[in-house]
Every structure is written in structure tokens, then in C-alpha cells.
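Please read the structure below before turning to the comments.
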Amino acid sequence: MTSIRRDRGDPVPGAGGTRARYRRILRFAGWHLAVTWWFELVLPRVGLGGISERTRTARMRRFAQRFHLLAVDLGGLMIKVGQFLSSRLDVLPPEITRELEGLQDEVPPVPFPAICALAETELGHLDQVFSSLEEIPLAAASLGQAHRAQLLPVHAAEAGVEGVVVKVQRPGIDAIVEVDLAALRKVGGWLRHVRVVSDRVDVAALVEEFAQTSLEEIDYLHEAANAERFAADFADDDRVGVPDVAWEWTTRRVLTLADVSAIKITDLKALLAAGIDPVQVAPVFASVMFDQMFKNGFFHADPHPGNIFVTPAEDSPAGRPWKLTFIDFGMMGEVPSSTRSGLRKLLIAAASRDGKGLVAAINDIGALVPSTDTTELERAMTQLFARFGGMGFAELREVDQKEFLDFAVEFGDVVRSLPFQLPENFLLIIRAMSLTSGVCSSLDARFNLWDAVEPYAAQLLRDERGNIVQDVAQEALDAAGLVLRLPKRLDGLVARIEDGSLSVANPRLERQMARLNRAAQRSASALVFGALLIAGSVVRGDDSMLGSVLMIVSVVPLLHGLWVGSRGR
């Protein structure tokens with residue numbers, strides 16, 4: 001412990017003016033969007049997709065490395081963006097996620113005098129509140145940092161706790177967040193004009209969801225209220241612990257909580273030394289996260305290892321003398337009742353290997369554009385469960401890669417052609433589940449997600465059996481309506497057969513033929529484009545005029561190939 005230093009010290013160094021920061025973010029995003037557009041959209045449409053394939057790994061790695069440097073240098077929300085990208089193991093290649101994991105750990109701390117100065121503006125003289133305040137931060141994050149402290153005896157008696165953690169905002173973070181959000185909104189506007197993105201994601205809504213979360217995260221009064229709401233949700237659950245809020249010394253920019261530091265959830269050596277089996281911790285943690293998502297509808301959206309402790313507890317039930325203690329409630333998510341119902345259906349369908357039910361649940365949560373024909377997707381999901389259902393991640397790694405390749409070839413076009421979209425409020429859900437999976441896997445390398453999902457889904461089924469009569473009645477009404485409409489539909493079908501207007505089509509075959517035709521045209525355009533471009537570059541050494549003309553003319557077949565590709569979208 002150190003006595004509280006009252007000197008303000010040097011000002012906190014910034015990352016440059018706000019205008020320079022804004023321009024730097026836009027330059028980075030603009031350049032990499034242009035590179036991605038060229039390699040992933042233009043070249044494949046003119047038959048040069050091989051170049052894109054061969055360079056993709058190196059390009060992804062370069063992007064991640066450059067973003068890593070940018071995020072560490074700028075801090076602020078760029079760290080948060082990097083954290084989100086590193087957690088998207090489901091859609092992003094390992095070249096990106098591996099480079100960005102641990103990004104939070106590289107955030108440099110704010111000098112202690114600056115932290116004391118800001119805390120004093122909020123709480124008054126610190127030596128009238130704390131008997132001591134540790135100079136070395138317990139944790140330094142992109143938006144704030146935490147220091148251990150001891151309350152004065154009179155305050156400790158009032159609060160019922162002596163040891164506390166004081167979380168203080170980074171000085172000037174309000175202005176940095178404002179600039180970063182303005183830049184992200186600008187980039188989001190660019191992405192709205194990229195059809196492959198806009199067809200699947202409402203970028204503006206996604207950015208605004210991120211903005212709302214970020215603004216709430218720098219309001220510590222909001223975080224304190226979140227902590228109390230989370231504690232109320234688990235008040236009768238001995239699996240979960242939450243630190244008490246010392247409201248008397250909490251403001252919008254300073255948060256004071258009871259010190260509940262214990263064993264970091266992924267510190268396997270410390271867990272074993274305390275007699276706690278990490279393999280037993282994984283399913284309990286997964287179950288607690290499932291409860292937040294599917295029952296409470298209010299969940300911790302940043303459950304990375306630094307925010308969860310395993311706390312030995314003598315009064316816990318026999319066989320589990322520990323509990324999970326959550327901290328840092330700045331990033332919380334809410335699941336609307338309609339979305340929660342869809343998620344419960346999705347979980348039950350996944351556990352029961354029901355491909356058709358899974359697609360229906362995906363539709364219910366809004367991940368598919370309404371009126372989408374899902375017949376082929378249902379067949380793909382059914383086949384997926386038949387081949388790989390019930391396997392854990394460790395088991396999947398042992399599957400012959402040719403099996404995965406065969407499945408991807410068979411159903412890749414089906415999945416890519418469907419108009420998937422990212423539903424509102426889903427950004428935090430995806431983040432929370434990605435981090436949950438990562439923590440469980442680090443606790444138990446052979447952790448099988450199905451082992452946690454299946455008993456939980458079985459309980460959900462038992463809970464929902466009370467609605468079975470209502471469901472059966474609805475099915476009966478639907479069937480009655482179909483029977484009443486059937487004679488009229490049969491009359492219409494007979495009439496169409498008699499007048500010869502009935503046509504039978506095979507949309508899948510037609511799509512494949514059209515795709516082959518477009519591919520042939522693109523290949524021809526690419527061949528002419530490449531020939532003219534190479535010829536121009538060779539001739540230019542001897543005849544610059546002719547060489548330049550040939551290279552300029554090569555743009556014509558390039559544009560033709562792009563036009564042919566655009567007709568197929």
C-alpha cells in the first residue's frame with residue numbers, strides 16, 4: 001500500500017488532436033476496404049479468384065498486425081473493436097483472431113497522479129475517504145483503470161467492507177469516444193454501399209448498438225446499477241457472487257466496489273492448488289451463462305477471464321466448495337422476450353439434432369430475411385447434424401478434413417446464397433457466447449459443448465411443457481384452415497392443367513446453368529483482359545504509345561467481366 005499522492009503530475013499524453021485521430025482511423029479503414037474490395041470482389045468476377053485465394057492468408061495477417069499497432073497506439077474504442085474481432089472465432093480466420101487476442105493486456109496505464117486528480121474532482125480529498133490507495137493499478141483497460149484501496153475505519157463501518165477496488169475513468173476518454181464513434185459511423189456509411197455487407201447486416205444499427213454500449217460503459221453510475229441488477233438475478237443462486245457497490249463513493253466517473261479478488265478462472269495452477277478441478281468449473285460456468293441468456297434475459301457481455309474469479313466458499317454445497325464471482329458490469333446485454341424465445345428454440349433444436357427446427361429458430365430470431373425459401377438450408381442442417389452432431393471441438397479437430405471439404409462444396413453455395421442478416425441486439429450475444437466457449441475450452445481442452453447444452457435444453461423442454469396444450473390447439477387450428485382451403489386449391493390446380501398453363505420449374509438447376517454461363521463469360525473476359533495487359537506491359541518497353549494503348553484497352557474486357565458478375569447477384 002502507498003499513501004495517497006496529492007500532486008497532479010504531468011498531463012496524460014494523448015494520441016494527437018481529435019481531427020488527426022479521426023483522419024487516421026478513416027485512412028486505415030478506407031485503404032483496407034479498398035484492398036478487400038479489389039481482391040475479394042473484383043478479381044473473382046473476372047476469373048482471377050486464384051490470386052485472391054493465394055494471397056488471402058498473408059493479407060489477413062497484415063491487416064491484423066496493422067490494426068493491432070493502430071489500436072495500441074490510439075487506445076479508446078479501437079481496443080474495444082479489436083477485442084470484438086478477436087472473439088469472432090466463428091467467422092474470422094485465425095490469422096486475425098490470433099493476432100488480436102490479448103490486446104487488452106497491452107493498454108498502458110494512466111500515470112497515478114492523473115488518476116488521483118480525476119478521483120479528487122469527483123470524491124473530494126482522497127485522504128478523507130481512503131486510508132491508502134495502491135499506486136500500481138490492479139487492471140488497466142481502454143476506458144478506465146482500477147486500483148485497490150482501504151476505506152477509512154469510519155467509512156468501512158458504514159459500508160460494511162474495508163478493502164475496496166476504485167475504478168477511475170481515463171482522463172479525456174469522453175472526447176476520445178466521441179471521435180471514435182464519429183469515425184465508426186463514417187466507416188459504417190461506406191459499408192452500407194457494399195451489397196455483400198448490406199444484404200446481411202444493418203451496419204447503421206450495428207454501429208449504434210456498439211455506440212450505446214460504449215457510452216453506457218463510461219458511465220459508472222450505470223455500471224453500478226447493472227451490478228445490483230445482476231446480483232438480484234442471482235440472489236438465490238449459490239453458484240454466483242457479485243461485489244457490493246459503495247454508492248457513497250461512486251459517481252459517473254469513479255466506481256467503488258468491494259474487493260472480491262480471488263482465483264482467475266483460467267489460472268489452472270492456482271485452481272488445482274486450491275483443490276478445485278478446472279474440468280468441473282467449465283460446465284458450471286457454461287450453465288450460468290446459459291441462465292443469463294435464456295432465462296434472465298440480462299447477461300454479462302464481456303465474460304473474459306479477467307472478469308471472472310473462482311472464489312473458494314466454505315458454505316457452498318458439498319462437492320462444490322466454490323462459486324463464480326463476476327466483476328466489471330459496464331458491458332451488459334439484454335435479450336428481448338421475442339429473441340429469447342427464438343434462442344430457446346434454437347438451443348432445443350440444436351440439442352435434439354433437429355435441422356428443420358434449427359432453421360425455424362434462426363428465422364424466429366430474425367437472422368433470415370422474411371419470405372426466404374429455406375428448404376435447401378433445412379436439408380443442409382439435417383445433413384450437418386447427421387455427419388457431425390454431438391461432437392465436441394476436440395473431436396471435430398480429429399475429423400478427416402476431406403469430410404469438411406465435401407460438406408462445404410455440397411452446401412456452400414446454398415448457405416452463401418441465402419439472405420442472412422445480423423439481427424438487432426445480437427452483437428453482444430455473439431461476443432458473450434464466443435468468450436464463454438473460449439473460457440470453457442481453456443478449462444477443459446476436451447470440453448464438449450453438447451454435454452452442457454443437452455441437459456440444459458432438456459430442462460427448457462420440461463419448463464415449456466406447460467404450454468403444450470396451447471401448442472397443440474394452434475396446430476389443430478392450422479390443420480383445420482388447411483383442410484378448408486384444400487378444395488379450392490385443388491380446383492385451381494385442375495383448371496391450370498386443363499388450360500395448359502401449369503409449368504414445372506427446377507430453380508436449382510436453372511441457377512446452376514446460369515452460374516456456369518456467367519462463369520464462362522467471365523473467364524473469356526479475364527483471358528482477354530490478362531492478354532492485353534501483359535502484351536501492353538511487354539510492348540511498352542519498345543513502344544510506349546502502343547503499350548499504353550493496349551493497357552488502357554484492357555479495361556474494356558475487365559468492365560465486361562464485372563458487368564456479367566453483377567447480373568448474377
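Below, all heavy atoms of this structure are taken into account, side chains as well, without hydrogens, waters or symmetry copies. Residue numbers count from 1 along this sequence.
In terms of heavy-atom proximity, I308 sits nearest to P303 at CD1-O, 3.2 Å. Closest of all the heavy-atom pairs between A286 and C440 is CB-SG, 4.0 Å. Of all heavy-atom pairs between L133 and C116, the closest is CD2-SG, 4.3 Å. Summarising the geometry of G333 relative to A301, their closest heavy-atom pair is N-CB, 4.2 Å, with the distance given to 0.1 Å. The shortest heavy-atom contact between A149 and F130 is CB-CD2, 3.8 Å. Nearest heavy-atom pair, E162 versus Q150, reported as atom, atom and distance to 0.1 Å: CG-OE1, 2.9 Å.
With sequence neighbours excluded, the residues forming a side chain to side chain donor-acceptor pair (under 3.5 Å) with E223 are K167, listed by chain and number. Scanning for salt bridge (Lys or Arg N to Asp or Glu O under 4.0 Å) contacts around D267 gives an empty result, with sequence neighbours left out. Residues passing the salt bridge (Lys or Arg N to Asp or Glu O under 4.0 Å) test with R229, sequence neighbours excluded: E334. Shown here are the salt bridge (Lys or Arg N to Asp or Glu O under 4.0 Å) partners of R59, two or more places apart in sequence or in another chain: E40. A search for salt bridge (Lys or Arg N to Asp or Glu O under 4.0 Å) contacts involving R185 returns E208, not counting sequence neighbours.
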For this session: Before giving the answer on side chain to side chain contact (heavy atoms under 4.5 Å, CB included), spell out for I25 and K186 the whole-Å C-alpha distance, their side-chain angles and the decisive distance to 0.1 Å.
Result: CA-CA 10 Å; I25 294 171; K186 187 71 172 180; over 6 Å; no
Problem set entry | Derivation and outcome, side chain to side chain contact (heavy atoms under 4.5 Å, CB included), residues L77 and F210 | CA-CA 10 Å; L77 291 188; F210 183 75; 4.1 Å; yes
For this session: Apply side chain to side chain contact (heavy atoms under 4.5 Å, CB included) to the pair L271 and L443, showing each step before the final yes or no.
Result: CA-CA 10 Å; L271 289 174; L443 288 166; 4.1 Å; yes
For this session: Walk me through it: do R320 and D238 pass the test salt bridge (Lys or Arg N to Asp or Glu O under 4.0 Å)?
Result: CA-CA 10 Å; R320 188 176 49 78; D238 56 26; 2.8 Å; yes
For this session: Under the salt bridge (Lys or Arg N to Asp or Glu O under 4.0 Å) rule, what do K323 and D237 come out as? Steps first, then yes or no, please.
Result: CA-CA 10 Å; K323 63 181 177 182; D237 193 330; over 6 Å; no
Problem set entry | Trace of the side chain to side chain contact (heavy atoms under 4.5 Å, CB included) decision for V281 with L324 | CA-CA 9 Å; V281 175; L324 297 170; 4.1 Å; yes
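When only modelled atom types and interatomic distance are considered, W247 and E228 share a side-chain donor-acceptor pair under 3.5 Å. Defined by atom type and a distance below 3.5 Å, a donor-acceptor pair is present between the side-chain atoms of T311 and T325. A side-chain N or O of S52 and one of R56 form a donor-acceptor pair less than 3.5 Å apart.
Counting heavy atoms from C-beta outward, D180 and M78 have side chains that approach closer than 4.5 Å. Side-chain contact between R24 and R27: present, with at least one pair of heavy atoms (C-beta onward) separated by less than 4.5 Å. Counting heavy atoms from C-beta on, the side chains of T436 and F290 never come closer than 4.5 Å. Put simply, the side chain of T213 does not reach to within 4.5 Å of the side chain of K80, judged on heavy atoms. Annotation: side chain of F309 is not in contact with side chain of P243 (no heavy-atom distance under 4.5 Å). For the pair W249/V164, no side-chain contact is recorded, criterion being any heavy-atom separation below 4.5 Å from C-beta on. In this structure the side chain of V240 never reaches within 4.5 angstrom of the side chain of D233, judged on heavy atoms. F298 is listed as a side-chain neighbour of N226, based on a closest heavy-atom distance under 4.5 Å.
Atom CD1 of I115 sits about 11.5 Å away from atom CD of E135, to the nearest 0.5 Å. N363 CG to L358 CG: the interatomic distance, rounded to the nearest 0.5 Å, is 11.0 Å. The CE atom of M433 sits 9.5 Å away from the CD1 atom of I429 when rounded to the nearest 0.5 Å. Note that the OG1 atom of T256 and the CG atom of L151 stand 7.5 Å from one another [nearest 0.5 Å].
Geometrically, R192 does not engage W190 in a cation-pi contact defined by less than 6.0 Å to the ring centre and at most 45° from the axis.
Without hydrogens or angle criteria, S442 side chain to V439 main chain gives a donor-acceptor distance under 3.5 Å. A donor-acceptor pair is defined here as one N or O able to donate and one able to accept, closer than 3.5 Å; such a pair exists between the side chain of T121 and the backbone of L118.
Under the 30°/60° scheme for interplanar angles, the aromatic rings of F326 and F230 are found to be tilted.
When each of H300, H222, E217 is paired with M332, the side-chain contact (heavy atoms from CB on, under 4.5 Å) condition holds for H300 and for no other.
Counting only residues at least two apart or in different chains, salt bridge (Lys or Arg N to Asp or Glu O under 4.0 Å) contacts with residues 242-261 comprise E122-R253, R148-D259, D174-R252.
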